[in-house]
Q: 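First the structure, which I've put down as structure tokens, then a few questions once you've had a look.
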Amino acid sequence: MSVRRLAEDQFQPAAFAFNDENAAWADKTIQKYPAGRQQSAVIPLLMRAQEQDGWVTRAAIEKVADMLDMAYIRVLEVATFYTQFQLGPVGTRAHIQVCGTTPCMLRGSEGLMSVCKSKIHHHPFERNAEGTLSWEEVECLGACVNAPMVMIGKDTYEDLTPERLEEIIDTFQAGNGASITPGPQIDRHFSSPEGGPTSLTDEEPKKKTSAKKVVAEAATAKVDAAPVPPSEAARPKSTDAETNAALKTPATAPKAAAKNVKAVEEQAAAPAADAGKPSLTDKNRPAGIEKPATPDDLKLISGVGPKIEGTLHELGIFTFAQVAGWKKAEREWVDGYLNFKGRIDRDDWVKQAKALAKGGEAEYIKVFGKKPR
Ligand code: FES
């Protein structure tokens with residue numbers, strides 16, 4: 001944590017005034033607090049001053065102090081305490097706050113800072129040549145679960161790789177920062193586990209449960225009451241020949257019926273799960289292999305969790321060498337199959353797998369400057 005001081009005099013403007021819109025907003029904000037407690041508005045007013053001018057100037061601190069009837073030193077204390085307040089000029093398009101606290105550090109924040117150093121300026125708080133970008137290291141910003149991350153303005157960008165941060169910086173530099181969706185930059189839902197749920201996975205959506213119930217009732221009814229075939233309404237349309245035979249044959253043992261009920265349940269559930277997936281018989285599906293005695297730990301590839309690894313195994317993918325050899329069409333097939341929306345290329349699975357196949361963790365560290373996950 002650096003010492004936080006006001007910017008040099010040469011940067012300080014002579015005066016500060018809220019524009020009309022912000023002045024009206026400030027009056028309204030101050031009135032929210034009970035008489036004698038207007039000082040509680042100090043943080044929102046300082047933040048609005050920063051949003052207006054890009055950083056908190058000495059004149060703004062004094063203006064806010066006057067408005068709230070506070071000593072200048074009290075407002076200065078607030079402005080210098082919180083790293084959200086910039087005390088000197090920062091990039092006009094983006095000031096990137098890189099979290100360097102332990103969880104983010106362990107997940108690669110040093111790589112993110114290297115990107116900032118090479119793309120913006122070697123030193124924090126220094127602006128790039130155009131004055132549009134700047135960066136700094138900050139303490140934990142409260143999104144550790146999706147480490148490493150950065151904050152730009154009021155938004156956080158999480159689950160970052162150096163490559164993704166480069167893209168984000170380029171987009172802000174081009175003036176299109178608003179086009180980036182904040183939050184996780186991988187296919188993670190808020191702070192859910194990467195690669196999908198890893199617990200409570202038995203719970204099924206209601207519609208599947210009701211399909212299951214209909215099928216189970218039909219099969220049970222058939223086994224228990226032999227002469228009466230299940231009604232057309234109760235019989236699942238998607239039953240295969242084997243299952244229909246089980247449903248029609250009263251002599252079939254309950255065990256066999258149960259087995260077929262399971263098959264029908266799986267079939268009933270399949271359309272929802274498979275919607276939009278590329279076909280398993282597609283020519284671009286990567287070739288699978290028999291499970292080797294010691295398959296590679298595919299979870300070392302960033303972006304592969306236990307669930308995704310299980311799916312890859314089902315596809316016959318067990319080794320880093322297989323992933324390293326995927327061509328574009330094959331990557332697109334797997335990406336579509338996993339509904340990853342480009343994440344395989346974004347996380348560069350092939351480059352990761354090549355490093356892991358070549359020399360395991362040591363090679364990965366040499367290539368990426370950090371341990372595989
Ligand atoms: S450690 Fe980086 S957000 Fe908490």
Side-chain angles (χ1 to χ4, degrees), residues 1-4 43 46-47 50-51 55-56 78-87 90-91 93-126 133-172 177-178 180-199 299-305 343 346-348 352 361 364-365 368-373:
M1 175 65 71
S2 56
V3 178
R4 290 173 53 78
I43 288 179
L46 282 173
M47 189 53 77
Q50 174 165 289
E51 285 168 5
W55 58 290
V56 177
V78 173
T80 53
F81 182 81
Y82 294 104
T83 56
Q84 282 88 345
F85 295 123
Q86 299 305 325
L87 303 178
V90 293
R93 292 188 186 153
H95 175 70
I96 296 156
Q97 296 184 300
V98 186
C99 173
T101 303
T102 314
C104 281
M105 187 263 285
L106 292 173
R107 294 273 291 162
S109 65
E110 285 171 5
L112 304 185
M113 281 184 257
S114 297
V115 168
C116 292
K117 285 178 186 172
S118 65
K119 284 193 90 73
I120 301 174
H121 197 286
H122 189 70
H123 298 296
F125 295 108
E126 297 288 343
L133 301 169
S134 55
W135 72 279
E136 68 174 304
E137 178 183 352
V138 294
E139 299 298 322
C140 178
L141 289 169
C144 332
V145 69
N146 293 353
M149 56 78 69
V150 304
M151 178 178 261
I152 302 174
K154 291 178 177 172
D155 292 319
T156 57
Y157 300 84
E158 304 150 19
D159 289 307
L160 289 173
T161 58
E163 294 75 22
R164 180 61 185 145
L165 181 59
E166 283 191 40
E167 290 170 7
I168 291 173
I169 290 174
D170 289 344
T171 308
F172 272 94
I180 306 170
T181 306
Q185 299 299 300
I186 59 174
D187 192 18
R188 180 206 291 280
H189 185 64
F190 297 123
S191 55
S192 297
E194 191 178 345
T198 56
S199 57
K299 297 190 293 304
L300 290 177
I301 297 173
S302 175
V304 178
R343 177 169 148 201
R346 219 163 44 239
D347 288 353
D348 211 340
Q352 292 188 62
E361 290 200 24
Y364 191 101
I365 292 168
F368 293 98
K370 62 175 184 178
K371 280 182 157 190
R373 57 185 299 277

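Start at 1 and go down the list; that is how both ligands and their atoms are numbered. Note that the numbering runs from 1 along the sequence shown for the chain. None of the values given here were measured: they were computed from a predicted structure.
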Q: For Asp159, what residues pass the side-chain hydrogen bond (donor to acceptor under 3.5 Å, both in side chains) criterion, not counting sequence neighbours?
A: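 Checked Asp159 against side-chain hydrogen bond (donor to acceptor under 3.5 Å, both in side chains); matches are Arg188.
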Q: Give me the protein N, O or S atoms that fall under 2.8 Å of atom 2 (Fe) of ligand 1, sorted by chain and residue number.
A: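 As for protein N, O or S atoms lying under 2.8 Å from atom 2 (Fe) of ligand 1, they are Cys99 SG, Cys104 SG.
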Q: Report, as yes or no, whether the 6.0 Å neighbourhood of atom CD on Glu163 holds more than 12 heavy atoms from other residues, nucleotides or ligands.
A: yes
Q: Is Arg343 salt-bridged to Glu194, going by a charged N under 4.0 Å from an acidic O?
A: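 Salt bridge flag = yes for Glu194 with Arg343.
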Q: Which residues pass the ring pair (Phe, Tyr, Trp, His ring centres under 6.0 Å) test with Phe368, sequence neighbours left out?
A: Tyr364
Q: In chain order, what residues pass the side-chain hydrogen bond (donor to acceptor under 3.5 Å, both in side chains) check against Lys117, with sequence neighbours excluded?
A: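 If we apply the side-chain hydrogen bond (donor to acceptor under 3.5 Å, both in side chains) test to Lys117, skipping adjacent residues, there are no hits.
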Q: For Lys154 and Glu51, run salt bridge (Lys or Arg N to Asp or Glu O under 4.0 Å): C-alpha distance rounded to whole Å, both residues' side-chain angles, the deciding distance at 0.1 Å, then the answer.
A: CA-CA 10 Å; Lys154 291 178 177 172; Glu51 285 168 5; 3.0 Å; yes
